[in-house]
Amino acid sequence: MLEMRGVRKTFHAGTPNEVRSLAGVDLNVEAASFVVVIGTNGSGKSTLLNAVAGTFPLDQGSIQLDGADIGKWPEYRRARWIGRVFQNPFSGTAPGLSIAENLSLAARRGRPRGLGWALEAGLRGQMRDVVSRLHMGLEDRLDNPIGTLSGGQRQALTLLMATWLQPKLLLLDEHTAALDPKSADQVIRLSEEIVERDHLTTLMVTHSMHQSATLGDRLIMMHRGRVIYDFHGAEKRRLRPEDLLARFEEVRRAEQLDEGAAEMLRRVYV
């Protein structure tokens, strides 16, 4: 389904602020797989999702989605196949438009535009049915501006918008990080339900060790722009939050050893 080969991206190359965000990533994601991506700050996990979404051009490498080479496609063209939910609950929607109008835009994503009614009666009825499954009472508030909703309500609707047309790939970029615990749990339950029901191929970035251990059928850990651990199958199912914390501690200690060795070499040769 998703194939990444030798993907590299460096920001501010050749300057003191140079950051090698992706250092030759190779990754295969099978259809209907739910992959959780974790890593320390600056490990490249969100850059990985941005590379797939087409937020920036690659320095090197290729990306294929469902057999199509999308590596050089602009972001708007990839959006026909890729749904995405961002960390900020106020991203991905038009706050001045109503709930119904936002959902209508999602329902027409990637389709030819023309003059006509955007909110046909049939579509509005479908919206009421789908929104009612959120159990938030929003099916009776379809004409309310989406910008007036709480962060949890808005993120739940953003998830509906991203998956309305059942995309080939769903990207969840720390989509519960800005929510209170109760709202985060609601959005996570909704995410699981939609991904499982529609068999969506999914990449989800998170900082939550609980989410990392309990969600998905595969987990990858990134560090310095590379995939350093890849758990799937029975190995993934056995993971516990404390196991992942132990892996992070291993990485931290290895970093300290590397820095210590580099300092020793500097002292010897300077």
Side-chain angles (χ1 to χ4, degrees), residues 1-4 7 9 19-53 84-89 152 155 159 169-196 199-260:
M1 167 56 78
L2 175 67
E3 297 183 11
M4 305 181 72
V7 173
K9 182 62 183 180
V19 178
R20 295 183 181 180
S21 293
L22 298 176
V25 172
D26 293 324
L27 181 65
N28 281 354
V29 178
E30 296 180 357
S33 182
F34 186 170
V35 182
V36 179
V37 185
I38 62 173
T40 56
N41 289 334
S43 62
K45 54 188 185 299
S46 288
T47 308
L48 180 77
L49 265 61
N50 286 331
V52 174
R84 187 172 186 180
V85 184
F86 297 87
Q87 177 178 343
N88 186 345
Q155 200 70 318
L159 183 61
L169 180 65
L170 175 63
L171 304 178
L172 304 175
D173 193 356
E174 299 188 62
H175 68 309
T176 63
L179 304 179
D180 63 84
K182 181 179 179 181
S183 296
D185 287 343
Q186 287 180 307
V187 172
I188 281 297
R189 286 197 298 271
L190 178 63
S191 302
E192 285 187 282
E193 176 186 322
I194 291 175
V195 168
E196 182 176 352
H199 307 289
L200 297 179
T201 309
T202 305
L203 284 177
M204 185 184 86
V205 168
T206 182
H207 272 112
S208 167
M209 294 301 98
H210 176 72
Q211 292 178 9
S212 301
T214 59
L215 297 177
D217 51 49
R218 183 178 174 189
L219 181 142
I220 63 174
M221 180 184 287
M222 297 190 66
H223 182 64
R224 291 193 173 185
R226 297 181 183 274
V227 176
I228 60 171
Y229 291 114
D230 189 346
F231 304 101
H232 49 85
E235 189 177 24
K236 168 64 174 72
R237 291 191 294 272
R238 288 194 297 267
L239 282 178
R240 298 293 179 266
E242 53 268 27
D243 299 326
L244 297 175
L245 290 172
R247 298 285 183 171
F248 276 109
E249 181 62 18
E250 289 176 9
V251 172
R252 187 186 69 81
R253 289 179 178 176
E255 284 279 270
Q256 290 178 333
L257 289 173
D258 289 346
E259 290 173 2

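By convention here, the first residue in the shown sequence is residue 1.
- Closest heavy-atom contact between Leu215 and Met204: CD1-CE, 3.5 Å.
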Side-chain donor/acceptor pairs under 3.5 Å, residues 188-196, sequence neighbours excluded:
unit_1: Ser191; atom_1: OG; unit_2: His175; atom_2: NE2; d: 2.9
unit_1: Ser191; atom_1: OG; unit_2: Val187; atom_2: O; d: 2.7

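- With sequence neighbours excluded, no residue forms a salt bridge (charged side-chain N to carboxylate O under 4.0 Å, His left out) with Asp217.
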message: What verdict does the side-chain contact (heavy atoms from CB on, under 4.5 Å) test give for Gln186 and Leu179, after you've listed the backbone C-alpha separation in whole Å, the side-chain angles of each residue and the deciding distance to 0.1 Å?
response: CA-CA 10 Å; Gln186 287 180 307; Leu179 304 179; over 6 Å; no
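- In this view, Ala234 and Arg237, Arg238 satisfy the side chain to side chain contact (heavy atoms under 4.5 Å, CB included) rule, not counting sequence neighbours.
- Put simply, CZ on Arg226 and CD1 on Ile220 are 14.0 Å apart, with the number rounded to the nearest 0.5 Å.
- Side chains of Leu172 and Leu159 form a contact here, defined as non-hydrogen atoms less than 4.5 Å apart.
- Annotation: side chain to side chain contact (heavy atoms under 4.5 Å, CB included) contacts of His207 (sequence neighbours excluded): Asn41, Lys45, Glu174.
- The salt bridge (charged side-chain N to carboxylate O under 4.0 Å, His left out) test applied to Arg252 returns Glu249, not counting sequence neighbours.
- Note that CG of Asp230 is 11.5 Å distant from NZ of Lys236, once rounded to the nearest 0.5 Å.
- In this structure, the side chain of Ser33 does not engage the main chain of Val35 through any donor-acceptor pair within 3.5 Å.
- Residue Glu250 places its CD atom among more than 12 non-hydrogen atoms of other residues, nucleotides or ligands, all under 6.0 Å distant.
- Within the structure, no pair that satisfies the salt bridge (Lys or Arg N to Asp or Glu O under 4.0 Å) test touches residues 175-188, not counting sequence neighbours.
- Here the closest heavy-atom approach between residue Ile38 and residue Ser212 is recorded as CG2-OG, 3.0 Å.
- Taken from CG in Leu239 to NE2 in His232, the straight-line distance is 11.5 Å, to the nearest 0.5 Å.
- Minimum interatomic distance between Arg240 and Ala213 (heavy atoms only, all atoms of both residues): C-CB, 3.9 Å.
- Thr202 contributes a side-chain N or O that, together with a main-chain N or O of Leu200, makes up a donor-acceptor pair within less than 3.5 Å.
- Under the ring pair (Phe, Tyr, Trp, His ring centres under 6.0 Å) criterion, Tyr229 pairs with Phe231, not counting sequence neighbours.
- Residues Glu255 and His223 are in side-chain contact: their nearest non-hydrogen atoms beyond the backbone lie under 4.5 Å apart.
- In this view, Thr201 and Met1, Val29, Ala31, Leu169 satisfy the side chain to side chain contact (heavy atoms under 4.5 Å, CB included) rule, not counting sequence neighbours.
- Judged as a side chain to side chain donor-acceptor pair (under 3.5 Å), and not counting sequence neighbours, the contacts of Ser46 are Asp173.
- With sequence neighbours left out, Thr214 forms a side chain to side chain contact (heavy atoms under 4.5 Å, CB included) with His210.
- Rounded to the nearest 0.5 Å, atoms CG (Asn50) and NZ (Lys9) are 10.5 Å apart.
- Among residues two or more places apart in sequence or in another chain, the side chain to side chain donor-acceptor pair (under 3.5 Å) test is passed with Thr176 by Gln211.
- In this structure a side-chain-to-backbone donor-acceptor pair under 3.5 Å is missing from Arg84 to Leu171.
- At least one side-chain heavy atom of Met222 sits less than 4.5 Å from a side-chain heavy atom of Val25.
- Qualifying salt bridge (charged side-chain N to carboxylate O under 4.0 Å, His left out) partners for Arg247, counting only residues two or more places apart in sequence or in other chains: none.
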